[in-house]
Amino acid sequence: MTPASRFELPHRPRRLRRNPALREMVAETELRLRHLVQGHFVLPGAGREEAIASMPGISRYSADLLVEKVGEDLARGVRAVMLFGVPEAKDAGATGAVDPRGEVPLAVQALKQAFGDRLIVMVDVCLCPYTDHGHCGFVEGEVVVNDASVAHLAEMAKVLAAAGADFVCPSDMMDGRVGVIRAELDEAGYQDTAILAYSAKYASAFYGPFRDAAGSAPGFGDRKSYQMDPRNHREALRELHLDLEEGADMVMVKPALAYLDIIADVAAESDVPVVAYNVSGEFSMVKVAAREGLADEQRMTLEVLGAIRRAGADLIITYHASQAAAEGWID
Ligand code: PBG
């Protein structure tokens, strides 16, 4: 066999992979802490931290301890958080969702008081942690009703805006909620409160650990009458365009890992920043695999987050940000 010569093998992609300096020079994707938003679960009361069994390394915090935790992360460069409430009281009317003294509005106030504009505070807007049946809207019989749920979500968004949230983030998947929330925020004088819409949110098994963390699993049925069917692609673009028309400031695809095609196509069509949600099941898969010694945790994490960026996400909501900053994996 003749050895390959430069005449018969001019194309040698390996030339650009020869050493770290070359690889750095030609890397196409950047992953920095500024791209990440750390998710947090908020408990009522004070002095409370509870480890979440289904999400290794993640805890629920009461507002005071959350301020401490977020302060450490902020000092290391994690500049944005997404908050989820873990209320004790639940009822059919989701009254906890609109309580200005609820755990989340109080946590938003505490974070804003401590860190002001140095920290971006995003808040999940959904009824599922606050309803006694665990659905994301009100139910009549076994039907999750749309318009009455939207009205309550808009009230919730106003309470969070009043507390100082930078972004309200409807994750309920009711029709028309972005437009109604925008109108109600504006009418109440919160023109500068932005909306991050969970635009293409799929009915996914990857939310399992979150529902344990937030105590928000549906008591009957499933979420398939409002969250999207994982088999659908075109429908994600329809949801994207509706949310853009209704005034979304940023849009989201969720989950991320099994939906990189959706992220890429939403990124190609969106004229606002695209956020991907690296959800609880994706997080816990990596953590459990690492704990079992199946693969290297740092490399898996950076590969996952890097792939989501490569697909086209501007920002990533993730539970890995705090550790990635603390251990110096990225800066
Ligand atoms: C609330 C909500 C959920 C998640 C974010 N907001 C759960 C769900 O829809 O059941 C999941 C996030 C995660 O898995 O990390 N509706």
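For ligands, and for the atoms within them, numbers begin at 1 and follow the listed sequence.
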**Report entry** Side-chain hydrophobic cluster, 4.5 Å single linkage: members besides L294
**Finding:** none

Requested in this report: Assess K254 against Y207: is NZ or CZ under 6.0 Å from the centre of the six-membered ring, and within 45 degrees of the ring's axis?
Outcome: yes

Are there any N/O pairs under 3.5 Å between ligand 1 and the protein, and if so, what are their distances?
| unit_1 | atom_1 | unit_2 | atom_2 | d |
| --- | --- | --- | --- | --- |
| ligand 1 | 6 (N) | D124 | OD1 | 3.3 |
| ligand 1 | 6 (N) | K254 | NZ | 3.4 |
| ligand 1 | 9 (O) | K201 | NZ | 2.7 |
| ligand 1 | 9 (O) | Q227 | NE2 | 2.9 |
| ligand 1 | 10 (O) | R211 | NE | 2.7 |
| ligand 1 | 10 (O) | R211 | NH2 | 2.8 |
| ligand 1 | 10 (O) | R223 | NE | 2.9 |
| ligand 1 | 10 (O) | R223 | NH2 | 3.3 |
| ligand 1 | 14 (O) | S280 | N | 3.2 |
| ligand 1 | 14 (O) | S280 | OG | 2.7 |
| ligand 1 | 15 (O) | Y277 | OH | 3.4 |
| ligand 1 | 15 (O) | S280 | N | 2.8 |
| ligand 1 | 15 (O) | Y319 | OH | 2.6 |
| ligand 1 | 16 (N) | S171 | OG | 3.4 |
| ligand 1 | 16 (N) | K201 | NZ | 3.1 |

Query - With V121 via side-chain contact (heavy atoms from CB on, under 4.5 Å) - residues at least two apart - result: V81, L83, V108, L111, K112, L119, V123, D166

Query raised in the report: Near Q191 CD, under 6.0 Å, is it more than 12 heavy atoms from other residues, nucleotides or ligands?
Result: yes

**Report entry** Flag for N146-Y226: side-chain donor and acceptor within less than 3.5 Å
**Finding:** no

Taking only distance into account, with no hydrogens and no angle test, what donor-acceptor pairs under 3.5 Å do side-chain atoms of residues 37-44 form with protein atoms, sequence neighbours excluded?
| unit_1 | atom_1 | unit_2 | atom_2 | d |
| --- | --- | --- | --- | --- |
| Q38 | OE1 | A321 | N | 3.1 |
| Q38 | OE1 | S322 | N | 2.8 |
| Q38 | NE2 | Y319 | O | 3.4 |

